[in-house]
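One structure below.
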Amino acid sequence: MTSQFDEEIDRRGSHCVKWDMMDTLYGVPKDDGLAMWVADMDFRPPACVTDELREVLDHGVFGYFGNDGPYLDAIRWWMDERHGWTVERDWIYSTHGLVNGTAMCVDAFTEPGDGVVLFTPVYHAFARVIKAANRQVVECALTMTDGRYEMDFEAYDAQMTGTERMVILCSPHNPGGRVWSKAELQAVAAFAKRHDLILVSDEIHHDLVMPGNTHIPMPLADENCLDRLVMMTATTKTFNIAGSHIGNVIIPDPELRARFAKRMAALGMSPNSFGLFTAMAAYSPAGAAWVDELVDYLDGNRRLFDDMVNAIPGVTSMPMQATYLAWVDFARTGMEPAEFTRRVEKDARIAANHGPTFGTGGESFLRFNFATPRSRVIEAGERLQAAFRDLQ
């Protein structure tokens, strides 16, 4: 049966960084290359979002947004309905996406020279904003156990010097696709408490969890961490509206809220009204039904892509529980990173994220975005198999 997600939409020439910049950044030609790097999807958002935008456009006046109560209540409804967490209106701050949210947390809760802990490999923008703010990135390397990432807190405790002020958790994990267990989340909270760290939990992928897995929001894993917790969620990944640049920074503790609000005020920040309109429309029963269909489709793409990639000798796609980002290890091919990357970019003509950009542990990996019509996933798998045919 044909799915709405099967439609191939040509994004080239639309100022789309994912498709229009892959030649400049990766040397993959736009005319016949496949863009599998930037973490946005090649799907239209649900009709409830586009209908809302059309109504705003038809009205024709784009002034300041007033009465944000319905917007805040839409976030509260989604968190309660989909994730079982009760959020109060005054806990929520809106940022220009969650990279901005991360930067705001670093700015509000740390000082230049402070250490910020990352469990690497992890989303590359974290390190970028930390370094740009003249803070120190403290890499706590994840360990590989039975083909999946785990955390080693005994080793991490030994690394701490007392200069660290914050830890950022990616939950679910990007790029490894892990859905952390309750025990693992509790261990993260305990680690933050032992070392008196602000705990920033980036849960932007929390809606994109594969069947058979359950994401646990950090406050439900350990309610004792609320005095140091900053939760970050967004509509942008879930509904493929990253260009709206809207993110939710949710802070239960009043002292932390006051510190964050002061920095927001000092920087004169306020959200884009289009992001507020799209969020209200997305966080709805219609949006929820669309997400359920999306996740089923992504799960099919995941299984297909993994089967095709894992058929290449020496290549392994890490078993993933969430996101739409395959983390593929080329270590057992015996090739140097320059060689397997060349084959992917030049022979297969696929743009994928380079593993080292995610920090320690990413050296032998590439990250592939399979949130695209299934026909393209099949084509990508065939191209990769052809590029490594001499191994078979």
Side-chain angles (χ1 to χ4, degrees), residues 1-9 18 34-44 46 121 144-150 170-181 204-215 237-240 288-333 340 344 348 350-353 355 364-389 391-392:
M1 184 176 66
T2 301
S3 166
Q4 62 177 304
F5 304 112
D6 285 325
E7 180 186 2
E8 291 193 14
I9 301 169
K18 180 179 177 182
L34 292 177
M36 301 185 79
W37 60 297
V38 172
D40 68 16
M41 300 185 280
D42 293 325
F43 309 133
R44 288 191 175 91
M144 186 81 75
T145 304
D146 296 329
R148 72 174 195 170
Y149 286 132
E150 294 186 351
C170 195
S171 178
H173 182 246
N174 168 19
R178 273 297 315 275
V179 172
W180 304 113
S181 69
I204 196 169
H205 292 280
H206 64 168
D207 295 311
L208 304 175
V209 176
M210 297 299 109
N213 300 280
T214 301
H215 169 76
K237 283 287 182 288
T238 304
F239 298 96
N240 201 34
W290 182 88
V291 171
D292 290 340
E293 185 177 345
L294 168 70
V295 169
D296 283 343
Y297 190 86
L298 291 176
D299 188 46
N301 279 4
R302 174 191 64 83
R303 288 183 277 108
L304 176 62
F305 187 76
D306 282 357
D307 286 347
M308 298 187 77
V309 167
N310 291 335
I312 302 170
V315 180
T316 305
S317 183
M318 183 174 285
M320 60 179 295
Q321 300 166 312
T323 82
Y324 47 72
L325 305 165
W327 189 230
V328 180
D329 189 2
F330 292 81
R332 291 188 299 110
T333 63
F340 66 71
V344 171
I350 296 174
N353 290 97
S364 63
F365 287 85
L366 294 173
R367 192 191 73 173
F368 294 82
N369 176 349
F370 57 76
T372 196
R374 194 152 297 159
S375 57
R376 288 183 182 150
V377 175
I378 293 170
E379 183 176 357
E382 291 173 345
R383 289 188 185 193
L384 289 169
Q385 288 180 352
F388 292 90
R389 183 161 291 141
L391 302 181
Q392 301 179 45

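Residue numbers count from 1 along this sequence. Keep in mind that this is a model prediction, so the values were computed, not measured.
With sequence neighbours excluded, the residues that form a salt bridge (charged side-chain N to carboxylate O under 4.0 Å, His left out) with Arg303 are Asp299.
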Check the pair Phe239 / Val291 against side chain to side chain contact (heavy atoms under 4.5 Å, CB included), numbers first and verdict last.
CA-CA 7 Å; Phe239 298 96; Val291 171; 3.5 Å; yes

Run Val315 and Thr333 through side chain to side chain contact (heavy atoms under 4.5 Å, CB included) and show every step you take.
CA-CA 6 Å; Val315 180; Thr333 63; 3.7 Å; yes

Criterion side chain to side chain contact (heavy atoms under 4.5 Å, CB included) on Leu34 and Phe368, from CA distance to verdict:
CA-CA 10 Å; Leu34 292 177; Phe368 294 82; over 6 Å; no

Side chain to side chain contact (heavy atoms under 4.5 Å, CB included) for Met210 and Leu298? Distances and angles first, verdict last.
CA-CA 8 Å; Met210 297 299 109; Leu298 291 176; 4.2 Å; yes

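Looking at Trp327, its side chain never comes within 3.5 Å of a backbone N or O of Gly355 through a donor-acceptor pair. Trp37 places a side-chain N or O within donor-acceptor distance of the main-chain N or O of Lys18, the cut-off being under 3.5 Å. Not a single donor-acceptor pair under 3.5 Å links the side chain of Asn301 to the backbone N or O of Ala371. Within the 3.5 Å criterion, the main-chain N or O of Met308 finds a donor-acceptor partner in the side chain of Gln385. Formation of a donor-acceptor pair under 3.5 Å by the Asp207 side chain with backbone atoms of Thr238 is not found in this model. A donor-acceptor pair under 3.5 Å links the side-chain atoms of His173 to the main chain of Pro121, judged by distance alone. Listed for the Arg178 side chain is a donor-acceptor partner under 3.5 Å among the backbone atoms of Tyr149. Between the Asn310 side chain and the Ser317 main chain, a donor and an acceptor come within less than 3.5 Å of each other. With hydrogens and angles ignored, the 3.5 Å screen pairs a side-chain donor or acceptor of Asn369 with a backbone N or O of Asp40.
Taking the centre and axis of the six-membered ring of Tyr297, the NZ or CZ atom of Arg374 falls inside the cone set by 45° and 6.0 Å.
Atom CG of Leu294 is separated from atom CE of Met41 by 5.0 Å, given to the nearest 0.5 angstrom. Here Met318 contributes atom CE and Asp306 contributes atom CG; the two are 11.0 Å apart, rounded to the nearest 0.5 Å. Here the CD atom belonging to Gln4 is positioned 9.0 Å from the CZ atom belonging to Phe43, to the nearest 0.5 angstrom. Here the CG-NE2 distance, from Leu208 to His215, works out to 11.0 Å after rounding to the nearest 0.5 Å. To the nearest 0.5 Å, atom CG of residue Leu325 and atom CG of residue Asn353 are 8.0 Å apart.
Contact record, Val377 with Phe370: CG2-O, 3.9 Å, taken as the closest heavy-atom pair. Counting all heavy atoms, side chain and backbone alike, Val295 lies closest to Val209 at CG1-O, 3.2 Å. Among all heavy-atom pairs drawn from Phe340 and Phe388, the shortest one is O-CZ, 3.9 Å. In plain terms, the two heavy atoms of Thr323 and Gly177 that are nearest each other are OG1-CA, 4.4 Å. Taking all atoms of both residues into account, the shortest heavy-atom contact from Lys237 to Ala39 is CE-O, 3.2 Å. The minimum heavy-atom distance linking Met36 with Ala380 is given by the pair SD-CB, 3.6 Å.
No side-chain heavy atom of Phe305 sits less than 4.5 Å from a side-chain heavy atom of Met320. Annotation: side chain of Glu293 is in contact with side chain of Ser3 (closest heavy-atom distance under 4.5 Å). You'll find the side chain of Leu304 reaches within 4.5 Å of the side chain of Ile378, heavy atoms only. A 4.5 Å side-chain heavy-atom check between Asp6 and Ser375 finds every atom pair outside the cut-off.
Between Trp290 and Phe5, the distance separating the two ring centers is shorter than 6.0 angstrom.
In the model, Asp329 has no side-chain atom that pairs as donor or acceptor with a side-chain atom of Thr316 under 3.5 Å.
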